[in-house]
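When reading the values below, keep in mind they use all heavy atoms of this one structure, side chains included, and skip hydrogens, waters and symmetry mates. This structure is a prediction, so every number in the text was calculated from the model and none was measured.
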Amino acid sequence: MAHIKMLIWVCCLALSTSFAYGIGVNWGTQAAQTLHPSTIVQMLKDNKIDKVKLFDSDHWTVKYFANTGIEVMVGIPNNQLGKFASDYDFAKEYVKNNVSTHLYNGGVNIKFVAVGNEPFLKSYNGSFLKSTFPALQNVQKALNAAGLGDKIKATIPQNADVYDSGNGGPSNGNFRSDIRDLMQNICRFFKENKAPFLVNIYPFLSLNENKHFPVEFAFFDGTSKPVKDNGISYTNMFDANLDTLVVSMRKGNCAGVKIIVGEIGWPTDGDLYGNVTMAKTFYSGFFKKMATKKGSPLYPGYIEYYLFSLTDENQKSIAPGSFERHWGVFKYDGQPKFPMDITGQGRETMPVGAKNIKYLEKKWCILNKYAQDIGKLPSSVQYACSRSDCTATSYGGSCNKLDANGNVSYAFNMYFQMNGQDVESCVFDGMAQIVQTNASIGSCLFPLGLESAGARIGLDSMLNILVAFFLFLAIL
């Protein structure tokens, strides 16, 4: 019996140390071709990442996290908040079909339900102000009614713009004046239900949006000039931002609510500051900070973090900037971009990339230099870019130095690849041609498209049908 107990203890210890302590990732699927969920699971396990945050609750996707040991946060999109707010029965059905159904022995370890995503952004012009809190209440009520409220909490991923400190430091922090009462009520609801406050903090955006922002203050290497506030010296933007939230929560009588950083990261392309070099610097310092298990001066305890994001998404909105499609620590195909040390212990290595990736054929669509009529070239390039992804050619991007012909070829090829290499997508009034020689120019990658997970979904369904058919024949 003693040997059995020891074996169980060793197995449990191995399981508990198999992941990077407290690190999670966001996985979004706004891409022309997405990786299969089983591939994502493999990537997380290989890189010892134990948490994943999703932006919806797609049943087919979530089921692949069963029996993996990975904590899952499922999401409810903003466009569904009104329904959840007005119909409690709808919330109950959601919990039944998208949460409870996964909680069998060896099932999915669902930990949180994210109600909306940054619903109070100023750019939404108040569209979700009336629906978000009632939706949150109904979802938590439904979780409680299903007997899940003690272990699964509903929360709201908030952008850091829901609080500010005006012209002062963190000690002057408070929730935004136009939503202060609402945010304080939400925060108190979290306290009553022992749910966390989920906040997205981006030092990159502070640098990108303010030309006077000191570059060093966005990183964690201690080279920035300290900013003193109320007797505290801040050497990085993250600590100052988090403490502004802490002060805001205290003023709202909801001190003590656990804080989780739902998104943090640095883009690698599409912007002057969005590049691999700066991203590597950011993550290096961030992981060292995370390894200390110390938070900020006013929130000194352990913090859970979700990196944003796992992979690039080439169909995200670029309204904030071209960098929006390049937040991944992995490329579109699941291959790592640069070496890093997730443990923060000085063991920098290349992350383990996705395995057995299926690419489309080695074909590229480029400018036909012998085309006779090129009068429509500008409109064709505009058309291709508006329906694909040319963000790498933006100022500061990895393909920013292409010549005129190179820019045209890049646009044509991205459209061709994102449309599954459909021959009709490489015509452009005779100005384009398909070649079998890699069209990449210097350090500018002309990527190949991927075999979409959508195609594999169809294959999975077909296999299930065949299995059922043969079982039926066996019974006969």
Side-chain angles (χ1 to χ4, degrees), residues 13-28 35 37 39-55 64-65 68-75 108-112 114 153 155 157 196-204 219-221 236 238-239 241-242 258-268 279-296 299-312 327-331 334-354:
L13 179 64
L15 180 63
S16 66
T17 58
S18 62
F19 293 111
Y21 188 66
I23 193 69
V25 292
N26 289 263
W27 176 41
L35 297 176
T39 300
I40 298 300
V41 168
Q42 166 255 310
M43 291 172 65
L44 299 184
K45 295 178 101 174
D46 285 348
N47 291 286
K48 297 179 171 56
I49 295 171
D50 69 347
K51 308 174 196 296
V52 66
K53 177 169 165 277
L54 307 176
F55 291 90
Y64 281 92
F65 293 94
T68 62
I70 298 171
E71 288 185 7
V72 177
M73 182 186 305
V74 294
V108 183
N109 182 19
I110 297 177
K111 191 75 177 289
F112 302 107
K153 304 296 182 180
T155 185
F197 191 110
L198 204 66
V199 62
N200 303 336
I201 300 178
Y202 286 104
F204 168 81
F219 301 104
F220 301 91
D221 54 13
N236 64 81
F238 175 84
D239 283 353
N241 189 293
L242 189 67
K258 179 181 179 180
I259 297 174
I260 294 177
V261 177
E263 296 180 14
I264 186 169
W266 198 281
T268 58
K280 188 175 184 299
T281 300
F282 175 81
Y283 280 114
S284 177
F286 169 71
F287 288 133
K288 289 177 182 177
K289 175 183 175 60
M290 196 193 76
T292 67
K293 300 182 177 63
K294 297 177 181 178
S296 62
Y299 193 86
Y302 161 73
I303 299 176
E304 293 179 42
Y305 299 92
Y306 289 82
L307 304 183
F308 190 86
S309 62
L310 185 64
T311 58
D312 286 345
W327 286 101
V329 291
F330 291 87
K331 300 176 185 177
Q335 302 311 305
K337 296 179 177 180
F338 51 86
M340 60 175 60
D341 176 21
I342 294 179
T343 68
Q345 301 297 320
R347 297 187 295 271
E348 194 173 83
T349 59
M350 271 299 219
V352 181

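The distance from atom NZ of Lys337 to atom NZ of Lys331, rounded to the nearest 0.5 Å, is 8.5 Å. Atom NZ in Lys51 sits 11.5 Å away from atom CD1 in Ile49 (nearest 0.5 Å). Here Met73 contributes atom CE and Phe55 contributes atom CZ; the two are 9.5 Å apart, rounded to the nearest 0.5 Å. Once rounded to the nearest 0.5 Å, the distance linking NZ of Lys53 with CZ of Phe308 reads 7.5 Å. The structure places OH of Tyr302 at 7.0 Å from NZ of Lys258, a figure rounded to the nearest 0.5 Å. Taking CG from Asp50 and CG from Leu44, the interatomic distance works out to 9.5 Å, rounded to the nearest 0.5 Å.
Residues Gly328 and Asp312 share a closest heavy-atom pair of N-OD1, 2.9 Å. Closest approach of Leu35 to Met43, counting heavy atoms only: CD1-SD, 4.1 Å. In this structure, Ala279 and Thr268 approach most closely via the heavy-atom pair CB-CG2, 3.7 Å. A pairwise comparison of heavy atoms in Pro351 and Pro336 identifies O-CG, 3.4 Å as the closest pair. Contact between Gly28 and Thr311 at its shortest, heavy atoms only, is O-OG1, 4.5 Å.
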Any chance you could lay out the side chain to side chain contact (heavy atoms under 4.5 Å, CB included) test for Lys45 and Ile70, step after step, and finish with the verdict? CA-CA 8 Å; Lys45 295 178 101 174; Ile70 298 171; 4.2 Å; yes

Apply the test side chain to side chain contact (heavy atoms under 4.5 Å, CB included) to residues Thr292 and Lys288: give CA-CA distance (whole Å), side-chain angles for both, the deciding distance (0.1 Å), then the verdict. CA-CA 7 Å; Thr292 67; Lys288 289 177 182 177; over 6 Å; no

Is there a side chain to side chain contact (heavy atoms under 4.5 Å, CB included) between Asn200 and Val261 once you walk through the steps? CA-CA 6 Å; Asn200 303 336; Val261 177; over 6 Å; no

Side chain to side chain contact (heavy atoms under 4.5 Å, CB included) assessment of Ile259 paired with Leu198: CA-CA 6 Å; Ile259 297 174; Leu198 204 66; over 6 Å; no

Pair Tyr306-Glu263, side-chain hydrogen bond (donor to acceptor under 3.5 Å, both in side chains): steps then yes or no: CA-CA 5 Å; Tyr306 289 82; Glu263 296 180 14; over 6 Å; no

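Partner of Tyr202 under the ring-ring contact (aromatic ring centres under 6.0 Å, His included) criterion, out of Trp327, Phe238, Phe282: Trp327 alone. A side chain to side chain contact (heavy atoms under 4.5 Å, CB included) with Tyr283 is found for one member of Leu307, Ile264, Ile342 and no other, namely Leu307.
In this structure, the side chain of Thr155 engages the main chain of Pro196 through a donor-acceptor pair within 3.5 Å. A donor-acceptor pair under 3.5 Å is absent between the side-chain atoms of Asn26 and the main chain of Ser309, judged by distance alone. Judged by distance alone, with hydrogens and angles left aside, the side-chain atoms of Gln335 form a donor-acceptor pair with the main-chain N or O of Ala354 at under 3.5 Å. Between the side chain of Asp341 and the main chain of Gly346, a donor-acceptor pair closer than 3.5 Å is present. In this structure a side-chain-to-backbone donor-acceptor pair under 3.5 Å is present from Lys289 to Gly295.
Residues Phe219 and Phe286 keep their aromatic ring centres 6.0 Å or farther apart. Between Trp27 and Phe330, the distance from one ring center to the other does not fall under 6.0 angstrom.
A heavy-atom distance below 4.5 Å is not found between the side chains of Tyr299 and Asp239. A 4.5 Å side-chain heavy-atom check between Lys280 and Glu348 finds at least one atom pair inside the cut-off.
At a cut-off of 3.5 Å, with distance as the only test, a side-chain donor of Gln42 or Asp46 sits close to an acceptor on the other residue.
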